[in-house]
Amino acid sequence: MKRVLILLPLACVLFISCLGGQNLSGNNMKDAFKDKFMIGAALNQSQYKGDDIHAVNIIKKHFNTIVAENCMKSEKLQPKEGHFFFDDADKFVAFGLENNMFIVGHTLIWHSQAPAWFFVDDKGFDVSREMLIERMKNHITTVVTRYKGKVHGWDVVNEAILDDGSWRRSKFYEIIGEEYIKLAFEFAHQADPDAELYYNDYSMAHEGKRNGTINMVKKLQEEGIRIDGIGMQGHMIMEFPSYEAFEQSIIAFSELGVKVMITELDLSILPSPHATAGANIADTSDYENKLNPYTKELPEDVLRNWEERYHGFFSLFLKHHDKISRVTLWGVTDGDSWKNNWPVKGRTDYPLLFDRNYQPKPLVQRIMQEAYKHQAEDLLVKGK
Ligand code: G3I
């Protein structure tokens with residue numbers, strides 16, 4: 001009864017202030033989402049080295065988890081066999097430790113951004129299965145051991161499954177077979193038994209990829225291999241995925257008994273080149289304008305639709321906060337985003353929560369209000 005008396009008025013105050021649209025800009029996302037999930041961002045070099053001071057301020061204020069956007073990829077860490085380059089990754093990890101953040105290492109085994117030497121012998125032929133396993137083991141063991149107890153979770157394998165659920169025919173798959181997945185998780189676990197280990201992939205709302213991922217994780221679990229979570233990369237566009245399909249995957253993955261993480265979140269506002277290619281466009285400059293239409297300003301209605309869609313995803317994440325352990329944006333400000341250069345180079349995109357002037361978009365306040373509303377509702381439920 002005493003607890004009810006204390007909690008109820010507090011909940012009401014929070015609830016009313018949120019519904020009243022009180023300005024929460026003084027608050028930060030990590031507090032707003034604190035009982036729900038960790039919130040974080042992928043960092044680039046100028047951020048973890050401290051050069052981009054305005055971005056650093058945003059990161060410290062709003063995020064409690066970080067992931068390396070590029071500096072922990074195998075091409076960066078081991079450009080030549082046996083020659084490890086740890087300077088950047090060390091700085092990234094130091095930044096996270098100094099700021100008490102949950103640090104995620106990305107990524108140990110990925111077909112892309114792996115150095116060419118990894119797969120070939122000195123004559124340029126594919127290495128044997130045994131040799132590739134040995135190289136995988138050496139890479140994973142060296143990297144994970146270096147950051148033992150410091151990096152809290154690893155994207156062990158990235159993007160191994162295609163949209164239809166079949167195995168990606170990567171060099172790892174071609175030379176070792178599907179067992180490379182299991183081996184990668186085993187090597188990582190041996191190097192740091194306390195680190196969380198994840199599988200991370202994009203387009204996870206596709207039924208084929210969802211089922212392929214489920215089959216793979218189930219098999220690992222049956223074989224007694226440690227896997228703690230599934231990262232659902234959130235590279236959204238305006239047309240894909242639907243909330244329903246994304247939600248189905250959140251639920252299905254969580255039913256495996258692993259953590260679900262929304263990784264690599266961004267929402268591109270730009271038209272898809274595939275859709276535009278089919279349109280009736282008279283000349284090249286017309287085509288370029290159609291592909292890159294918002295270099296100077298964003299029309300109000302376009303921005304509104306983008307914000308609604310982003311807000312909808314955060315509402316979905318809050319609804320399933322019991323399944324989701326982390327939401328990580330793939331970058332801090334629009335100016336940093338890889339989306340400015342993919343799938344078309346040199347565009348002006350607006351996929352993140354902070355603009356090119358380091359200002360939070362109005363969406364930040366909206367999603368924090370939504371989170372506080374959830375906090376207040378939780379308190380009311382607990383108080384009953
Ligand atoms: O390192 C060079 C640098 O020396 C040079 O000055 C600069 C000039 O363009 O290029 C730099 O390398 C680029 C690097 O990003 C750093 O900006 C590479 O060309 C470019 O290919 C690389 O792109 C990264 C991409 O992965 C490939 O590794 C993106 O930043 C990064 O956001 C993206 O992240 C991936 C995730 O790891 C996995 N999921 C998909 C996601 C998006 O592709």
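Whatever order the structure lists ligands and atoms in, that order sets their numbers, starting from 1.
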Colleague: May I ask which of Lys73, Glu69, Lys345 has a heavy atom nearer to atom 35 (C) of ligand 1 than the others do?
Modeller: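 Selected option, by shortest heavy-atom distance: Lys73.
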
Colleague: If I apply the N/O under 3.5 Å rule, does Glu159 come out as touching ligand 1?
Modeller: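 Yes, Glu159 has an N/O under 3.5 Å of an N/O on ligand 1.
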
Colleague: Assess the side chains of Trp338 and Asp266: does a donor N or O sit below 3.5 Å from an acceptor N or O?
Modeller: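 Yes.
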
Colleague: So if I count the atoms of ligand 1 from 1 in the order they appear, which ones are less than 4.0 Å from some heavy atom of Gln233?
Modeller: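 Answer for ligand 1: 39 (N), 40 (C).
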
Colleague: Kindly indicate whether atom 11 (C) of ligand 1 is approached by any protein heavy atom to under 4.0 angstrom.
Modeller: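 No.
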
Colleague: For atom 8 (C) of ligand 1, is there a protein heavy atom at a distance under 4.0 Å?
Modeller: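 No, there is no protein heavy atom closer to it than 4.0 Å.
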
Colleague: Hey, is Asp192 close enough to Lys150 for a salt bridge, meaning N to O under 4.0 Å?
Modeller: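 No, no charged N to carboxylate O under 4.0 Å.
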
Colleague: If you scan the protein for heavy atoms around atom 15 (O) of ligand 1, do you find one that is closer than 4.0 Å?
Modeller: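 Protein heavy atoms within 4.0 Å of atom 15 (O) of ligand 1 - there is at least one.
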
Colleague: What are the atoms of ligand 1, with element, lying closer than 4.0 Å to any heavy atom of Lys76?
Modeller: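 Listed by number with element, the hits are 1 (O).
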
Colleague: Have a look at ligand 1 and work out which part of Trp330, if any, has a heavy atom under 4.0 Å from it: side chain, backbone, both or neither.
Modeller: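 The part of Trp330 near ligand 1 is the side chain, not the backbone.
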
Colleague: Would you say ligand 1 has an N or O under 3.5 Å from any N or O of Asn158?
Modeller: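 For ligand 1, there is no N or O atom that lies under 3.5 Å from one belonging to Asn158.
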
Colleague: Any chance the side chains of Gln47 and Glu69 put a donor and an acceptor closer than 3.5 Å?
Modeller: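 On atom types as modelled, these side chains do not qualify, holding no pair under 3.5 Å.
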
Colleague: What part of Trp110, side chain from CB on, backbone N/CA/C/O, both or neither, has a heavy atom under 4.0 Å from ligand 1?
Modeller: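 Under 4.0 Å from ligand 1, Trp110 contributes side-chain atoms alone.
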
Colleague: Could you check whether atom 18 (C) of ligand 1 has a protein contact, counting only heavy atoms that fall below 4.0 angstrom?
Modeller: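 False for atom 18 (C) of ligand 1.
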
Colleague: Any protein heavy-atom neighbour for atom 38 (C) of ligand 1 (distance below 4.0 angstrom)?
Modeller: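 True for atom 38 (C) of ligand 1.
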
Colleague: I'd like to check atom 31 (C) of ligand 1 in this structure: does the protein have a heavy atom lying under 4.0 Å from it?
Modeller: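 Under the 4.0 Å cut-off, atom 31 (C) of ligand 1 does have protein heavy-atom neighbours.
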
Colleague: Please check if the number of heavy atoms outside His311 that lie under 6.0 Å from its NE2 is greater than 12.
Modeller: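 Above 12, so yes.
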
Colleague: Would you call Glu255 and Lys218 a salt bridge, using N to O less than 4.0 angstrom?
Modeller: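 Answer for the salt bridge query: no.
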
Colleague: Please confirm whether Trp342 approaches ligand 1 to less than 4.0 Å, judged on its heavy atoms.
Modeller: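 Under 4.0 Å: no for Trp342.
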
Colleague: Is the shortest side-chain N to carboxylate O distance from Glu307 to Lys361 below 4.0 Å?
Modeller: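 So Glu307 does not pair with Lys361 through a salt bridge.
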
Colleague: What is the closest protein heavy atom to atom 22 (C) of ligand 1, and at what distance does it sit?
Modeller: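 Of the protein heavy atoms, Asn70 OD1, 4.2 Å lies nearest.
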
Colleague: When you measure from atom 43 (O) of ligand 1 to every protein heavy atom, which one gives the shortest distance, and what is it?
Modeller: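 Going atom by atom, the protein heavy atom closest to atom 43 (O) of ligand 1 ends up being Trp338 CZ3, 3.2 Å.
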
Colleague: Protein non-hydrogen atoms only, distance under 4.0 Å: does atom 26 (O) of ligand 1 have such a neighbour?
Modeller: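 For atom 26 (O) of ligand 1 the answer is yes, since some protein heavy atom falls inside 4.0 Å.
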
Colleague: Using a strict 4.0 Å threshold on nitrogen-to-oxygen distance, state whether Glu174 and Lys171 make a salt bridge.
Modeller: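 A salt bridge links Glu174 with Lys171.
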
Colleague: Using a strict cut-off of less than 4.0 Å between a Lys/Arg side-chain nitrogen and an Asp/Glu carboxylate oxygen, indicate whether Asp88 and Lys76 qualify as a salt bridge.
Modeller: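 Here Asp88 does not pair with Lys76 in a salt bridge, since their nearest N and O are not under 4.0 Å apart.
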
Colleague: Does Lys137, at its NZ atom, have more than 12 non-hydrogen atoms belonging to other residues, nucleotides or ligands within less than 6.0 Å?
Modeller: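 No, not enclosed.
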
Colleague: Regarding Glu247 and His320, do their side chains bring together a donor and an acceptor under 3.5 Å, going by distance alone?
Modeller: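 Yes - a donor-acceptor pair under 3.5 Å links their side chains.
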
Colleague: Tell me, do His54 and Thr333 make a side-chain contact under 4.5 Å, heavy atoms counted?
Modeller: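 Heavy-atom side-chain distance check fails, nothing below 4.5 Å.
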
Colleague: Check whether more than 12 heavy atoms from other residues, nucleotides or ligands sit under 6.0 Å from atom CD of Glu179, and answer yes or no.
Modeller: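 Buried by this count: over 12 neighbours within 6.0 Å.
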
Colleague: When you compare ligand 1 with His106, is there at least one nitrogen or oxygen pair between them that comes in under 3.5 angstrom?
Modeller: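 Among all N and O atoms of His106, at least one is under 3.5 Å from an N or O of ligand 1.
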
Colleague: With only distance considered, is Glu264 within less than 3.5 Å of ligand 1 through an N or O on each side?
Modeller: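 Between Glu264 and ligand 1 (N or O atoms, distance only) the closest approach is under 3.5 Å.
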
